[in-house]
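Since the structure comes first, as structure tokens, the remarks are kept for the end.
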There are 2 protein chains.
Amino acid sequence: MTANDVSRPTDAELEILKVLWERGTCTVRDVFEVLSAARETGYTTTLKLLQIMFEKGLVSRDESQKSHVYKARAKQQATQRMLVTDLLTRAFGGSTEKLVVQALAAKKASKEELAEIRRLLNELEGDEQ
Amino acid sequence: MTANDVSRPTDAELEILKVLWERGTCTVRDVFEVLSAARETGYTTTLKLLQIMFEKGLVSRDESQKSHVYKARAKQQATQRMLVTDLLTRAFGGSTEKLVVQALAAKKASKEELAEIRRLLNELEGDEQ
DNA sequence: TCCTTCCTACGAAACAATTCGTAGATCAGA
DNA sequence: TCTGATCTACGAATTGTTTCGTAGGAAGGA
């Protein structure tokens, strides 16, 4: 799997990517500390996962220090878009509307969020004319 | 795993559920025929998957005939909502807005769909006041 | 009745994802 | 220098998912 043909990250991989996006760059220990705060997990588990993610091209790393420094290769938004597209295809028959409806039903957005969505809607409908 | 504690269906399971939702009830052969039209797959693979899904409580079955008749236990919308909720949590930090934005960016909805979303938005904002 | 076809059940292989133990290198402080 | 802490690498166990081969039973037609 090359960098340009990255597939859906697994659950554990996504958890790690979230930490990397949040902090920019991380050592294994940095990531481990965040993960282990949320749930029981072992240091070498995190290490192994980052090594695998490196092989897959999901992350890059700087090996110039003793503690390697990892970085997500894809932007958060790009990965989010990939995941939404995947779900759209697998579960919603490609219907963006059905997905959006279920998303809004699943967890009600705040007033501000709804306004933001409305703004986007205006833009999109503007394009269409 | 009981019927009330069903977890995210796997990719293969979701494919089968889609067929069941579409047709209501199906024999293994019915499902197999639909799946094999889309891609190479074996009859006993479909059979085994349906047996596993039955054990997991994802489907029910009528064994009164020689060919068992399967039926999805959860409604399509309920499963869709579960999957969206799952993605919302795993990839979007619970932000419905971010998910909706990415969904609309991923695949542009038609004019009619956008209007439908706008209608829903009006409803939601109405509630809020 | 015998043969073919279709069905279920089931074990197991193949593969992927996750976890962890252990080994060896490096480095800092006593 | 010795000791302990920390790092990477890596093999392997474990668990979950998907695929498929084979066996045995039931049904229908020649």
Side-chain angles (χ1 to χ4, degrees), chain A residues 1 5-20 25-71 79 83 86 90-91, chain B residues 1-2 5-20 25-71 79 83 86-87 90-91:
Chain A
M1 197 182 309
D5 174 38
V6 187
S7 67
R8 187 159 44 127
T10 66
D11 287 5
E13 287 168 352
L14 186 58
E15 256 193 324
I16 289 179
L17 286 175
K18 278 165 82 174
V19 178
L20 293 176
T25 59
C26 287
T27 62
V28 175
R29 184 146 302 272
D30 293 335
V31 175
F32 168 70
E33 232 116 69
V34 175
L35 295 190
S36 65
R39 63 182 178 83
E40 188 72 14
T41 186
Y43 177 83
T44 56
T45 301
T46 305
L47 170 66
K48 181 67 164 184
L49 281 167
L50 276 163
Q51 286 170 345
I52 290 171
M53 291 169 76
F54 177 65
E55 281 165 25
K56 287 188 182 175
L58 285 171
V59 299
S60 60
R61 74 178 176 193
D62 174 358
E63 305 178 3
S64 65
Q65 304 299 317
K66 186 193 171 194
S67 298
H68 299 174
V69 177
Y70 289 83
K71 198 171 177 312
T79 302
L83 290 169
D86 176 72
R90 283 191 304 116
Chain B
M1 198 183 307
T2 71
D5 173 41
V6 186
S7 68
R8 188 159 44 129
T10 67
D11 287 6
E13 287 168 351
L14 186 57
E15 257 193 321
I16 289 179
L17 286 174
K18 280 165 81 173
V19 178
L20 293 177
T25 60
C26 287
T27 62
V28 175
R29 183 146 303 274
D30 292 336
V31 174
F32 168 70
E33 232 117 70
V34 174
L35 295 189
S36 65
R39 63 183 178 83
E40 187 72 15
T41 186
Y43 177 84
T44 56
T45 301
T46 305
L47 170 66
K48 181 67 166 184
L49 280 167
L50 277 163
Q51 285 171 344
I52 291 170
M53 292 169 75
F54 177 64
E55 282 165 23
K56 288 187 182 176
L58 285 171
V59 298
S60 59
R61 73 178 175 192
D62 173 359
E63 305 179 3
S64 65
Q65 303 299 316
K66 187 193 171 193
S67 299
H68 299 173
V69 177
Y70 289 83
K71 199 170 175 314
T79 302
L83 290 170
D86 175 72
L87 188 65
R90 282 191 305 115

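Just so we're on the same page: letters track the sequence lines, and every chain starts at 1. Just so it is clear, the structure is predicted and the values come from calculations on it, not from any experiment.
Residue Tyr43(A) places no side-chain N or O under 4.0 Å from the OP1 or OP2 atom of dG21(C). Put simply, Arg8(B) has no side-chain N or O that comes within less than 4.0 Å of OP1 or OP2 on dT17(D). Between dT18(D) and Thr10(B), a contact under 4.0 Å exists linking OP1 or OP2 to a side-chain N or O. Contact check, Lys66(A) against dA5(D): no side-chain N or O comes under 4.0 Å of OP1 or OP2. Here Arg39(B) does not reach the OP1 or OP2 of dT18(D): none of its side-chain N or O atoms lies under 4.0 Å away.
Thr46(A) and Val28(A) get closest at one heavy-atom pair: CG2-O, 4.0 Å. Across all their heavy atoms, Asp30(B) and Thr27(B) have their closest contact at OD2-N, 2.9 Å. Between Leu58(B) and Leu17(B), the closest heavy-atom pair is O-CD2, 4.3 Å. Nearest heavy atom pair, residue Leu14(A) against residue Arg90(B), reads CD2-O, 3.3 Å.
Residue pairs meeting the side chain to side chain donor-acceptor pair (under 3.5 Å) criterion with at least one member in residues 59-70 of chain B, sequence neighbours excluded: Arg61(B)-Glu63(B), Arg61(B)-Tyr70(B), Asp62(B)-Ser64(B).
Nearest nucleotide to the Thr44(B) side chain, out of dA12(D), dT22(D), dT8(D): dT22(D). The His68(A) side chain lies nearest to dT8(D) when the options are dC10(D), dT18(D), dT8(D). Listed candidates were dA9(D), dA17(C), dT19(D). Nearest to the side chain of Lys56(A) is dA17(C). Minimum atom distance to the side chain of Gln51(A) is reached by dC10(D), of the listed dC10(D), dT22(D), dT19(C).
Rounded to an integer number of Å, the gap from Met53(A) CE to dT18(C) C1' is 13 Å. When the C1' atom of dC10(D) is taken as reference, atom CG of Leu50(A) falls 15 Å away, rounded to whole Å. Rounded to an integer number of Å, the gap from CZ of Arg61(B) to C1' of dA9(C) is 9 Å.
The residue Ser67(A) sits close only to the backbone: its heavy atoms come under 4.0 Å of sugar-phosphate atoms, none of a base.
Nearer to the 5' terminus of DNA chain C, by closest-nucleotide assignment, is the contact made by Val28(B) (compared with the other of Gly42(A) and Val28(B)). Comparing Leu49(B) and Arg29(A) along DNA chain D, the residue whose closest nucleotide (by nearest heavy atom) sits nearer the 5' end is Arg29(A).
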